[in-house]
Amino acid sequence: DPGGAAAIAPVVQILQTMPNYDVTVSTYRQATKVFEDIGLSTNVLPESTMSEAFEQFLREQHVDAVLCATSVTGVDLEKRI
């Protein structure tokens with residue numbers, strides 16, 4: 001959802017400037033372009049990503065926190081984690 005991505009993009013930009021945080025952005029659909037338009041690279045997720053695969057990715061990357069924007073797109077990856 002482009003609106004959700006636009007809402008959290010400024011927060012991501014701030015977090016990326018903080019030395020104690022290693023921020024990785026994962027997107028799908030229109031959110032990818034929103035982040036690219038402001039110069040932030042993303043890990044593009046295929047819409048077919050299963051919640052188990054995404055949870056495994058989070059564990060492997062030793063993720064401590066997840067920041068999500070939500071919408072109703074029919075894919076709704078962010079609601080499955």
Side-chain angles (χ1 to χ4, degrees):
D1 176 80
I8 66 169
V11 176
V12 171
Q13 287 178 305
I14 291 168
L15 289 172
Q16 287 185 327
T17 66
M18 301 175 85
N20 295 335
Y21 295 99
D22 180 21
V23 178
T24 301
V25 179
S26 295
T27 58
Y28 69 98
R29 285 193 169 179
Q30 301 97 329
T32 302
K33 183 167 179 2
V34 171
F35 280 91
E36 288 174 350
D37 285 351
I38 62 170
L40 296 176
S41 61
T42 69
N43 171 37
V44 180
L45 300 173
E47 292 181 24
S48 61
T49 300
M50 300 301 295
S51 57
E52 295 84 9
F54 191 61
E55 289 173 15
Q56 180 177 347
F57 167 78
L58 296 175
R59 280 191 301 278
E60 289 172 355
Q61 298 300 311
H62 306 288
V63 173
D64 293 319
V66 176
L67 174 64
C68 295
T70 62
S71 65
V72 179
T73 64
V75 179
D76 305 325
L77 293 177
E78 66 280 3
K79 295 177 186 169
R80 292 189 258 155
I81 59 169

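Since the structure is predicted, the reported quantities are computational estimates derived from the model, not experimental observations.
Here F57 contributes atom CZ and N43 contributes atom CG; the two are 4.5 Å apart, rounded to the nearest 0.5 Å. Put simply, CG on L15 and CG on D22 are 11.0 Å apart, with the number rounded to the nearest 0.5 Å.
In this structure, the side chains of I8 and F35 come closer than 4.5 Å at one or more pairs of heavy atoms. Under the 4.5 Å side-chain criterion, counting only non-hydrogen atoms from C-beta, T24 is not in contact with Q61. Residues T27 and V44 form a side-chain contact, since some pair of their non-hydrogen atoms from C-beta on lies under 4.5 Å apart.
Cluster membership for L67 and V63, using ILVMFWY side-chain heavy atoms within less than 4.5 angstrom, is not shared.
Residue I38 comes nearest to A9 through the heavy atom pair CD1-CB, 3.5 Å, listed as atom of the first residue, atom of the second, then distance. Looking at every heavy atom in both residues, V34 comes nearest to A6 through CG1-N, 3.8 Å.
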Pair V23-M18, side-chain contact (heavy atoms from CB on, under 4.5 Å): steps then yes or no | CA-CA 9 Å; V23 178; M18 301 175 85; over 6 Å; no
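Under a cut-off of 6.0 angstrom, the local environment of CG in D37 is crowded, with over 12 non-hydrogen atoms contributed by other residues, nucleotides or ligands.
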